[in-house]
Amino acid sequence: MVEDVLRAALEEIGRVGYEALRFEDVATRSGVNKTTIYRRWPTKIELVGAALGTLMQPGEQPDTGSVRLDLLELLRAIVKRAESPLGRGLFKMMQNEATHPDVLRVKRQLHADHVRARGIVVERAIERGELPDDTDADLVVELVFSPVIRRVINGLTPADEEFLEAAIDVVLAGARAGAAHRRAPRPKALGL
């Protein structure tokens, strides 16, 4: 029952967006009584938050032993999800209704959950010595995922394998170089 309702809610969100979402339509699509849905999710934002959480839940993070491969696996999953009919509808809704206070609140929570979960991959890399001890895991996550998500949302340029690998390589090289730069001695000023 719960899965049916959440799936129906996702389909309706993708079809009509947040503002036009109606409990009646979710009930019809899911085959579950409207009052049953209201008992579990009394408000629209609670239903939408639960539905989006099921589709966009970060889940368990890969642990291949390589930060590059772990990040690549996570990026591939995002692209695959976004290219599904359901994913396209949800990304469209989140883009079109991005300033709606309820949608913005859900987006912020999902973003925080994803940064925290994906940061685990970077923290493991730091522990393995792949990245310097002072690497900012959240910053690495933001810099790797943001350009890919932008490409997925705007659809103008593909987020293909070559782009995914390049995004990861540039960010990891920067993380490694940034640490080396911070450790390098600064040149002394010439006294004139």
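Bear in mind the structure is a predicted one, so any value in this text is a computation, not a measurement.
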If I compare all heavy atoms of [X] with all of [Y], which pair ends up nearest, and what's the gap?
X      : Y      : value
Leu131 : Ala175 : CD2-CB, 4.1 Å
Ala82  : Val152 : CB-CG1, 2.9 Å
Glu73  : Pro62  : OE2-CB, 3.4 Å
Glu24  : Lys34  : OE2-NZ, 3.1 Å

- Message: Arg150: which residues meet the side-chain contact (heavy atoms from CB on, under 4.5 Å) condition with it, sequence neighbours left out?
- Response: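 For Arg150, the residues satisfying side-chain contact (heavy atoms from CB on, under 4.5 Å) (neighbours in sequence not counted) are Asn154.
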- Message: Suppose the criterion is ring-ring contact (aromatic ring centres under 6.0 Å, His included): which pairs have a residue in residues 122-165, not counting sequence neighbours?
- Response: none
- Task: Look at the side-chain heavy atoms of Ile, Leu, Val, Met, Phe, Trp and Tyr, link any pair under 4.5 Å apart, and say whether Leu72 and Val170 land in one connected group.
- Result: no
Sidechain-backbone polar pair: [X] side chain, [Y] backbone, donor-acceptor under 3.5 Å:
X      : Y      : answer
Arg151 : Pro158 : yes
Thr64  : Ser66  : yes
Glu97  : Glu19  : yes
Ser146 : Glu142 : yes
Thr36  : Val32  : no

Just to verify, what does [X] make a side-chain hydrogen bond (donor to acceptor under 3.5 Å, both in side chains) with, not counting sequence neighbours?
X      : answer
Thr99  : none
Glu161 : Arg76
Ser84  : none

Enter the distance from [X]:[atom1] to [Y]:[atom2] here, rounded to the nearest 0.5 Å.
X      : Y      : atom1 : atom2 : result
Leu74  : Ile120 : CG    : CD1   : 10.0 Å
Leu143 : Ile168 : CG    : CD1   : 12.5 Å
Leu21  : Ile45  : CG    : CD1   : 10.0 Å
Ile13  : Leu47  : CD1   : CG    : 6.5 Å
Asp4   : Met1   : CG    : CE    : 8.5 Å
Gln109 : Leu52  : CD    : CG    : 12.0 Å

- So Thr35 and Phe23, side chain to side chain contact (heavy atoms under 4.5 Å, CB included) or not? Walk me through it. CA-CA 9 Å; Thr35 57; Phe23 275 78; over 6 Å; no
- Query: Where do Ile37 and Asn33 land on the side chain to side chain contact (heavy atoms under 4.5 Å, CB included) test, with the steps shown first?
  - Reply: CA-CA 7 Å; Ile37 296 172; Asn33 190 302; over 6 Å; no
- pair Val106-Asp102: side-chain heavy atoms closer than 4.5 Å: no
- Query: Would you call Val48 and Trp41 a side-chain contact if the rule is heavy atoms closer than 4.5 Å?
  - Reply: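 No - every pair of side-chain heavy atoms lies 4.5 Å or more apart.
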Could you list the residues that satisfy salt bridge (charged side-chain N to carboxylate O under 4.0 Å, His left out) with [X], not counting sequence neighbours?
X      : value
Glu130 : Arg128
Asp160 : none
Glu165 : Arg68
Lys107 : none

- Quick one: which residue pairs count as a salt bridge (charged side-chain N to carboxylate O under 4.0 Å, His left out) with a foot in residues 37-52, not counting sequence neighbours? none
- Message: Quick test of your reading: applying salt bridge (charged side-chain N to carboxylate O under 4.0 Å, His left out), list the pairs with at least one residue in residues 5-15, sequence neighbours left out, ordered by first then second residue.
- Response: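 Found Arg7-Glu11, Glu11-Arg29, Glu12-Arg15, Glu12-Arg29.
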- Message: Run the ring pair (Phe, Tyr, Trp, His ring centres under 6.0 Å) test against Tyr18 and tell me which residues pass, sequence neighbours left out.
- Response: His100
- Message: Could you walk me through whether Leu172 and Leu71 satisfy the side chain to side chain contact (heavy atoms under 4.5 Å, CB included) test, starting with their C-alpha distance in whole Å, then the side-chain angles of each, then the deciding distance to 0.1 Å, before giving a yes or no?
- Response: CA-CA 10 Å; Leu172 293 180; Leu71 291 170; 4.2 Å; yes
- Task: Report the C-alpha distance between Val144 and Val148 in whole Å, list the side-chain angles of each, state the deciding distance to 0.1 Å, and finish with yes or no for side chain to side chain contact (heavy atoms under 4.5 Å, CB included).
- Result: CA-CA 7 Å; Val144 168; Val148 173; 5.8 Å; no
